[in-house]
Protein chains: 2
Amino acid sequence: MMNTPIHKRSLADEVANQIKAYIRSGHYVAGQRLPTEPELMKQYGVGRSSIREAVRMLANSGLLRVQQGLGTFINEFVEENETLHQRLNRAAAKDIDEVRQLLEVKIAQKAALNRTPKQLEEIEGFLNERLQAPGCSAGEDRSVYSGRY
Amino acid sequence: MMNTPIHKRSLADEVANQIKAYIRSGHYVAGQRLPTEPELMKQYGVGRSSIREAVRMLANSGLLRVQQGLGTFINEFVEENETLHQRLNRAAAKDIDEVRQLLEVKIAQKAALNRTPKQLEEIEGFLNERLQAPGCSAGEDRSVYSGRY
DNA sequence: CCCGATTTGTACGTATGTATC
DNA sequence: GGATACATACGTACAAATCGG
């Protein structure tokens, strides 16, 4: 009796969905503060760990922003089930692709000028491995520029 | 102001780093099972929540794989990926920097041509969040090209 | 500058549920 | 069904950050 395809939703999932729905229904303005954890506990009738887990999920997905000593605030500019990376990628997919082609050409030029054929082949291998390797969090990282050098 | 770059490391962070270091030092083979949670508790002298938080971070970054009723297992292909990453960066630092400048200029051009100022600002916000957000494994991701589009 | 109130962060303990063997 | 091991949930206590008096 284990093959039940029913989603056993944890309390944290349940609370997270309710908070999300409440925010989406327009009861909150952007930047507004969420009720405190004790209030949410009474409001949903669950313990603090469940509240914190729910808030953690929503904050991880970008819907909430938590600050110690201050409170939890609504961001409200993210779409459902979409991380920041995914949204950025979809929004600028064409531009990124164009940049990517430029990047590959430039890499090839530099490699051909300054590197031996063996080293060029090595670098190409690196890039191929990076293509297949799952990065962090189920391999959703497709960043083009994410830091300084 | 609180400009101290010192990270107050929680117990979970400490345990996660130790486990990571232990795995990297080669004491585990790929696919091998980690000690159980009670054993890790005694081994590190912390409570179960800290162990679970540490394992959760490592699993989220892809180093561990947890399965209920079975145990926690080592994936160990992340280390290779990071090694390649670091090697590529170190080996071709100058080339990458040159490409980076090219990339930034091209991105600015594309943004100015095809996007409204508001969208440009939005994308800049995303990049800033990526800079501060602790990504996988202590936020060392500086990839220029890490996937296909 | 210190103090206290408020709010989130961390850590522990305990009990129970669920999956695998 | 029993044994093992991770998952969920609650409660408690204290630490740390923020703000206002």
Side-chain angles (χ1 to χ4, degrees), chain A residues 1-20 23 28 31-75 137-138, chain B residues 1-19 23 28 31-75 132-134 138-139:
Chain A
M1 357 233 288
M2 75 295 288
N3 234 342
T4 50
I6 312 295
H7 291 18
K8 96 170 174 181
R9 297 230 288 256
S10 64
L11 276 183
D13 286 323
E14 204 63 52
V15 172
N17 280 327
Q18 295 212 19
I19 292 179
K20 195 198 299 180
I23 292 178
Y28 284 110
Q32 186 172 352
R33 214 196 69 181
L34 213 64
T36 68
E37 289 173 347
E39 283 173 359
L40 291 175
M41 285 171 60
K42 286 191 291 184
Q43 190 168 338
Y44 290 99
V46 298
R48 194 186 170 195
S49 54
S50 301
I51 296 292
R52 285 188 60 79
E53 179 66 18
V55 169
R56 177 178 186 167
M57 290 187 294
L58 295 180
N60 189 34
S61 71
L63 184 63
L64 297 180
R65 176 177 47 88
V66 189
Q67 191 172 353
Q68 181 180 176
L70 247 172
T72 306
F73 303 88
I74 287 94
N75 276 337
S137 66
Chain B
M1 303 288 252
M2 291 293 296
N3 235 345
T4 49
I6 313 293
H7 290 19
K8 112 191 156 171
R9 297 233 286 254
S10 63
L11 275 185
D13 285 322
E14 204 62 53
V15 172
N17 280 327
Q18 296 213 19
I19 291 179
I23 292 177
Y28 284 110
Q32 188 173 349
R33 213 196 70 181
L34 214 64
T36 67
E37 288 173 348
E39 282 172 0
L40 290 175
M41 285 170 60
K42 287 192 293 186
Q43 191 169 336
Y44 290 99
V46 298
R48 195 184 168 197
S49 54
S50 301
I51 295 293
R52 285 188 60 78
E53 180 64 17
V55 168
R56 177 177 187 165
M57 289 187 294
L58 295 180
N60 190 33
S61 73
L63 184 63
L64 297 180
R65 174 178 51 87
V66 189
Q67 190 170 352
Q68 180 180 178
L70 254 172
T72 305
F73 303 88
I74 287 92
N75 276 336
Q132 299 174 348

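A, B, ... follow the sequence lines: proteins, then strands. Residue 1 opens every chain.
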Handout entry: Contact nearer the 5' end of DNA chain D, comparing Asp13(A) with Gly69(A)
Key = Asp13(A)
Practice task
Mind calculating the distance between CE (Met57(B)) and C1' (dA11(C)) to the nearest angstrom?
Solution key: 13 Å
Problem - Under 4.0 angstrom between Thr72(A) side-chain N/O and dT7(C) OP1 or OP2 - result: no
Practice task
Report yes if some heavy atom in the side chain of Tyr44(B) is under 4.5 Å from a heavy atom in the side chain of Leu11(B); otherwise report no.
Solution key: no
Exercise for the section: Could you pull out the closest heavy-atom pair between Ala54(B) and Val15(B), with the gap in Å? Expected result: CB-CG1, 3.8 Å
Practice task
Can you figure out which of dC10(D), dA11(C), dT8(C) approaches the side chain of Val46(A) most closely?
Solution key: dC10(D)
Completion exercise
All heavy atoms of Gln43(A) vs all of Pro35(A), minimum pair found to be OE1-CG, 4.2 Å
Dump the pairs, protein N or O against N or O of nucleotides 14-17 of chain C, anything under 3.5 Å, distances to one decimal.
residue	atom	partner	partner atom	Å
dG17(C)	N2	Gln68(B)	OE1	3.1

Problem - Euclidean distance, atom CG of residue Leu11(A) to atom C1' of dA7(D) [Å, nearest integer] - result: 12 Å
Exercise for the section: State whether Gln67(B) places a side-chain N or O below 4.0 Å from either non-bridging phosphate oxygen (OP1 or OP2) of dA5(D). Expected result: no
Handout entry: Spacing between Glu53(A) atom CD and dT8(D) atom C1', to the nearest angstrom
Key = 9 Å
Problem - Atom-to-atom span, CZ of Arg52(B) to C1' of dC12(C) - whole angstrom - result: 14 Å
Practice task
Figure out the CD1/P separation between Ile51(A) and dG11(D), and round it to whole Å.
Solution key: 11 Å
Exercise for the section: Report yes if the side chains of Thr72(B) and Leu40(B) come closer than 4.5 Å at any heavy-atom pair, otherwise no. Expected result: no
Handout entry: Ile74(A) vs Leu64(A), side-chain contact (heavy atoms from CB on, under 4.5 Å): CA-CA, chis, key distance, verdict
Key = CA-CA 5 Å; Ile74(A) 287 94; Leu64(A) 297 180; 4.0 Å; yes
Handout entry: Least distance between heavy atoms, Gly71(B) atom then Arg33(B) atom
Key = CA-CD, 4.2 Å
Practice task
May I ask you to verify if any side-chain N or O of Arg33(A) is less than 4.0 angstrom from the OP1 or OP2 atom of dT7(C)?
Solution key: yes
Problem - Least distance between heavy atoms, Gly31(B) atom then Phe73(B) atom - result: O-CD2, 3.4 Å
Exercise for the section: Tell me which nucleotide among dC21(C), dC19(D), dA11(C) gets nearest to the side chain of Leu70(B). Expected result: dC21(C)
Exercise for the section: For residues Val46(A) and Glu14(A), determine if any side-chain heavy atom of one lies less than 4.5 Å from a side-chain heavy atom of the other. Expected result: no
Exercise for the section: Look at the side-chain N and O atoms of Ser49(A) and state whether any lies under 4.0 Å from the OP1 or OP2 oxygen of dT8(D). Expected result: no
Practice task
Mind calculating the distance between CZ (Phe73(B)) and P (dA19(C)) to the nearest angstrom?
Solution key: 17 Å
Practice task
Please report the shortest heavy-atom distance between Ser50(A) and Ala12(A), naming the atom on each side.
Solution key: O-CB, 3.8 Å
Problem - Of Arg52(A), Arg56(A), Lys42(A), the residue whose pairing with Glu37(A) passes salt bridge (charged side-chain N to carboxylate O under 4.0 Å, His left out) - result: Arg52(A)
Practice task
Working to the nearest 0.5 Å, report the span between CG of Leu63(A) and CG of Leu34(A).
Solution key: 9.0 Å
Handout entry: Distance below 4.0 Å between Ser50(B) side-chain N/O and dT10(C) OP1 or OP2
Key = no
Practice task
Would you mind reading off the bend of the helix from dC2(C)-dG21(D) to dC21(C)-dG2(D) from its two end axes, five pairs each, to 10 degrees?
Solution key: 20°
Problem - Spacing of Asp13(B) atom CG and Glu53(B) atom CD [to the nearest 0.5 Å] - result: 8.0 Å
Practice task
For DNA chain D, determine which residues of residues 35-42 of chain B have any heavy atom closer than 4.0 angstrom to one of its atoms, and list them numerically.
Solution key: Thr36(B), Glu37(B)
Practice task
In whole angstrom, give the distance that lies between atom CG of Leu64(B) and atom C1' of dA5(D).
Solution key: 15 Å
